[in-house]
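In what follows, a structure is listed as C-alpha cells, so that the remarks can point back to it.
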Amino acid sequence: MDSGRSSKRRDHRIIIHFDYQSFYAAVFEAEDPSLKTVPFGVQQKQIIVTCNYEARKRGLHKLQLVRDAKKICPEVVILLGEDLSKFRDVSKRLYSFLRSFSWSNKLERLGFDEVFMDVTDMVDYNAELVNHRDLSNSFFCMSRDDPTVGFPFDASHVAGHTYPGHRNGAQIPESDTLLLRLRLGSHLASHIHAQLEEQMGYVSAVGISTSKLLSKLAGTMHKPRGLTTLLPPYVPQDDEPGNVILFMDQFDVGKVPNISSRMARKLQDHLSQRSPHGDQERTYQGPKGLTVRDVRTSPGMGPILLDRLLSGPGVPHGVGAKLWDLLNGIDNTEVGQARDVPRQISIEDSYGRLDKLEDVQLELGKLARSLIKRMRIDLTDDDDDADEKAEKEDERCPSNLPNAGTRRWLAYPKTLRLSTRPRPPANSDASRSYNHGRISRSAPMPPFMHNLTESVDTIAEKLVTDNLVPLFRRLHPKKDGWNLSLMNVAVTDMTEGAGDSKNASGRDIGKMFKAQEHSLKSWNAGEQDVPPPQNPGDMEILDPVVQRSTSSDWQGSEDTMPLSQSSQASYIHGGWESEEDGDDGRYSSELSLCTLCGARMPDFAYPAHQRFHEADDRGKPF
DNA sequence: AAGGCATAG
DNA sequence: CCTTCTATGCCTT
C-alpha cells in the first residue's frame, strides 16, 4: 500500500500554460472586429456562456441567465453559440500555431481555450548556449538547424510578472540552474504569447513553471493578458517554506486544478466539524475562504486522512496521496502527446420537454446529421500524399471543409452510444433530487456509417431508424411520458489511427475497408445476414463468410441502403460538400484569409502572419 | 464490453 | 445547487 506515501518534487521540466481570454467572445470579435466596442454575450439555450470585456465592465459574467443579463445591461447584444464548430476550428488552428514552435510536440489542449506546452528541450538547449558573462545580450535559438531562427532577449531577467512579486536575488543561490531555466522559459513564453496576439489576434494569459499544476495556477495571477513565472526556490531552505508552498497556500482549495468543488465540500465539512468556533454558519457556499493552507495545516492532515475523507464510489484509488501532492504543489503528470484523432465524438442537445416518439425521431435526425458531418471532418483526411495536386490558383477552400477529391478514414469508431437525461421527477420532498444522471445504451457501429459516397442525410436517416430508435427503446421501453431534458449521440472506441505520418497503417486500413465494402456489396446482394468486420484491423484475414455478428442491433431493416460504390463522380457530384451549412462560408470584409494555411484573421494581423510563414523554415503548422 | 461517475472548460 | 456542449479517464459490473 503506497496510498500513504507522497511524491517528491521533480523540477526538471519547464512547462508553459496558455489560457485564451474569453475564448468564444474572442472568436466572434476576430470574425467581426467592430464587436470589440459593443458589449455582447454568447448564448446557449437560456444561458450566457461567456461575454466580452465590454460586457464584463457592465457587470455581466459567465454562465448567467440571459434574462438576468438583459436586466443588468439592456443594451447587451446576444450572439448564438450553440454550434461549436467555429470554436473548435479556431481552437485547433491556435493549437497548430503553438505546436509550430515546439520541438517535441508535447502539447496538450484542455478544453478549447487552454494549452500546456512542455518546452524542456528548447530551454535546456538554450541554457547550454547562453554566455554567462553577458546574459543581457542573449539570443534564443528556436531551431536546432538554423542558428539565425530565434529572437534576442535579456537572460538576466524574467519576462513578465513573477511570484513572489518582490524579487530578492540574494535569496537565490548562485548556482541555481532552475532560475536560469525559468527565465529562458519566460522569454520563450513571452515571444510565443506576442506572436499569438500579433499573428493570430488572440490574447492569452500565460503561466511558466515546472508542472502543469503550477504553470496553470501561475497563469491565473495576471489575467487577462499577463505572463507569470513562479520563482525559485521551489524547495524549502533553512527555515523558509519555499515559494511553492507559499504560492499554493493562498488559493482556495476549490480553485486548485483536480480538486473539485465536491471534494472541497467534503474537506470543508471535515474542517468545520472539528472547528470549535462556530464556523458552521457557512451553509451552502462554495469552497469560499477555505484555503490550501487551512487544509494542509489542519490537525492530522495527510494522505491517510485524505484517503479516508474522500474515498468512495467513483473515486480513483489513491486519491489521498494525489490530493496531498496537489496541496503541496506536486504534480508529476506528463504533458500529453498530441493526439491525431479524438477518443470520442458526441453531439447533444437539451430540451425543455421531449415526450413524443415523433419528436424524438426528429431530434435524433438532427443529432445524427451533425454527428456524421463531424465524423467526416475530424476522422478523415486527404487521401493522396504522393500526389502532386499542386497549386491550382483557386485553392482557397477553408481548411475545415473536406471537399478535396479523395478522403480516407483516419479512425473507425467501433461503437455507437445514445444517452439521455430524464428530468429529475419533481419531487414533493425537497431534498432528494440530486440526480442529474445520464443513462445510455450502446451498440456496434453499423458499417454504412463509413460510407463516404452516400449523402449525410441518407446515412443519418438510416442510422435513426435502424440504430438510434432501437437504442432509444432499450433506454425507454415505455411508450411515452419520458420527460427528457437531453439527448446525446456518440461514436467512440476508435481503432488505431496511430499518430504520425510515417505510420501508414491508417491508410492501409482505409484501403482494406474500401476493398471490404466492395466485396460486401456483392455478398449483400444475395446474403442479407453477412455483417462486415467489426474490426478493420483484422481485415487482412478477412473472409466475409466467417465473420459473425455479436449483436443484431445494427442490422435492422430489410431495405439495406444502396451501397453505391466508390465512384468518384458520385462522390463529387452527389456530394456532402454541397451540404455545408452556410455559417462557415461566411466572410467579412474586415477579414483576411491566409492562402498558405487557411487561417482567418483581422486585417491588421495579416502582414505579420505572412512574415511568420516566410521566416519559418522549419515544419509548417499546416 | 457496457454503463455510470467524476472532473474539466 | 444548477444552467450549455462537450471531452477524458476510471470505476464497477
Side-chain angles (χ1 to χ4, degrees), chain A residues 17 19-20 22-24 41-50 61-69 80-88 91 108-116 212 216 220 254-266 283-287 310-319 322-323 326 333 336 339 341-352 367 370-371 374 378 414-421 423-424 430-431 433-444 471 474-475 485-494 534-535 550-551 553:
Chain A
H17 176 259
D19 188 336
Y20 314 137
S22 48
F23 181 60
Y24 287 5
V42 180
Q43 175 178 219
Q44 287 172 344
K45 295 296 182 305
Q46 75 270 51
I47 303 285
I48 302 281
V49 290
T50 192
H61 51 86
K62 294 170 28 171
L63 301 182
Q64 196 169 30
L65 288 172
V66 172
R67 317 184 54 220
D68 296 346
L80 270 189
E82 287 173 21
D83 182 351
L84 303 187
S85 37
K86 195 166 53 177
F87 310 126
R88 186 159 39 231
S91 177
E108 184 180 340
R109 263 203 311 165
L110 186 57
F112 285 172
D113 69 338
E114 294 180 33
V115 173
F116 293 99
K212 293 207 284 183
K216 174 166 176 163
T220 65
K255 302 291 282 306
V256 175
N258 300 313
I259 300 181
S260 62
S261 51
R262 179 180 239 264
M263 286 181 175
R265 242 178 292 122
K266 288 189 183 179
T283 40
Y284 90 81
Q285 85 278 49
L310 302 171
S311 288
V315 179
H317 183 255
V319 235
K322 220 149 266 172
L323 244 297
L326 291 177
T333 61
R339 219 199 304 278
V341 289
R343 287 225 189 288
Q344 97 178 15
I345 296 175
S346 73
I347 302 288
E348 70 188 38
D349 202 348
S350 55
Y351 311 95
L367 296 176
S370 300
L371 181 65
R374 272 263 271 140
D378 285 359
K414 283 206 309 253
T415 106
L416 175 73
R417 185 178 61 223
L418 174 67
S419 310
T420 64
R421 187 181 60 197
R423 204 174 301 281
S431 55
S433 64
Y434 68 96
N435 325 311
H436 54 106
R438 288 144 105 108
I439 53 179
S440 68
R441 296 294 181 269
S442 46
L471 284 173
R474 277 216 270 150
L475 276 168
S485 64
L486 175 140
M487 291 203 297
N488 174 299
V489 182
V491 297
T492 183
D493 203 2
M494 316 286 184
Q534 292 305 321
N535 180 3
T550 57
S551 160
D553 277 324

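Below, chain A is the first sequence line, B the second, and so on; all start at residue 1.
Under the 3.5 Å distance criterion, the side-chain polar atoms of R421(A) are left unmatched by any main-chain donor or acceptor of N488(A). A donor-acceptor pair under 3.5 Å is formed between the side chain of R423(A) and the backbone N or O of G352(A).
Within the 4.0 angstrom heavy-atom criterion, no nucleotide atom of any strand lies near R67(A). M487(A) comes within 4.0 angstrom of no nucleic acid atom, judged by non-hydrogen atoms across all strands. Using a 4.0 Å heavy-atom distance criterion, R417(A) is classed as making no nucleic acid contact. Using a 4.0 Å heavy-atom criterion, one finds that Q64(A) contacts no nucleic acid atom at all. As judged by a 4.0 angstrom heavy-atom cut-off over every strand, E114(A) is placed among residues touching the sugar-phosphate backbone only. Residue contacts for I345(A): at a heavy-atom cut-off of 4.0 Å it reaches the sugar-phosphate backbone alone, with no base atom in range. Using a 4.0 Å heavy-atom cutoff across all strands shown, R339(A) reaches sugar-phosphate atoms only and no base atom. Contact annotation for I439(A): backbone-only contact, meaning every heavy-atom pair under 4.0 Å involves sugar-phosphate atoms and none involves a base. Looking at heavy-atom distances under 4.0 Å, D349(A) makes contact with sugar-phosphate atoms alone, never a base.
If you check dC11(C), dT6(C), dT4(C) against the side chain of L84(A), the one that comes closest is dT6(C). Comparing atom distances between the S442(A) side chain and each of dG3(B), dA6(B), dC1(C) picks out dG3(B) as nearest. Side-chain atoms of L63(A) lie closest to dT3(C) of the nucleotides dA2(B), dT7(B), dT3(C). Nearest nucleotide to the Q344(A) side chain, out of dT8(C), dC1(C), dT6(C): dT8(C).
The interatomic distance linking K414(A) (NZ) with dA1(B) (C1') rounds to 10 Å, in whole Å. Between the CG atom of L326(A) and the P atom of dA8(B) there is a distance of 10 Å, given to the nearest Å. Computed from coordinates, the K62(A) NZ to dC5(C) P distance equals 16 Å when rounded to whole Å. Regarding L418(A), its CG atom lies at a distance of 14 Å from the C1' atom of dA2(B), rounded to whole Å. Across the protein-nucleic acid pair, N258(A) atom CG and dT7(B) atom P stand 9 Å apart, rounded to whole Å. Computed from coordinates, the L475(A) CG to dG3(B) P distance equals 8 Å when rounded to whole Å. To the nearest angstrom, P of dT6(C) lies 13 Å from CZ of R421(A). For the pair I259(A) CD1 and dA6(B) C1', the interatomic distance rounds to 14 Å; values are reported in whole Å.
With the nearest nucleotide of DNA chain C identified for both G81(A) and P316(A), G81(A) has the one nearer the 5' end. Taking for each of I47(A) and S346(A) the nucleotide of DNA chain C with the nearest heavy atom, the 5'-most of the two is the partner of I47(A).
In the model, R109(A) has a side-chain atom that pairs as donor or acceptor with a side-chain atom of S91(A) under 3.5 Å.
For the pair H17(A) and L110(A), the minimum side-chain heavy-atom distance is 4.5 Å or more.
In DNA chain C, runs of at least 3 stacked Watson-Crick or G-U pairs (N1-N3 plus N6-O4 or O6-N4, or N1-O2 plus O6-N3, all under 3.5 Å) give these stems: B:1-9 with C:5-13.
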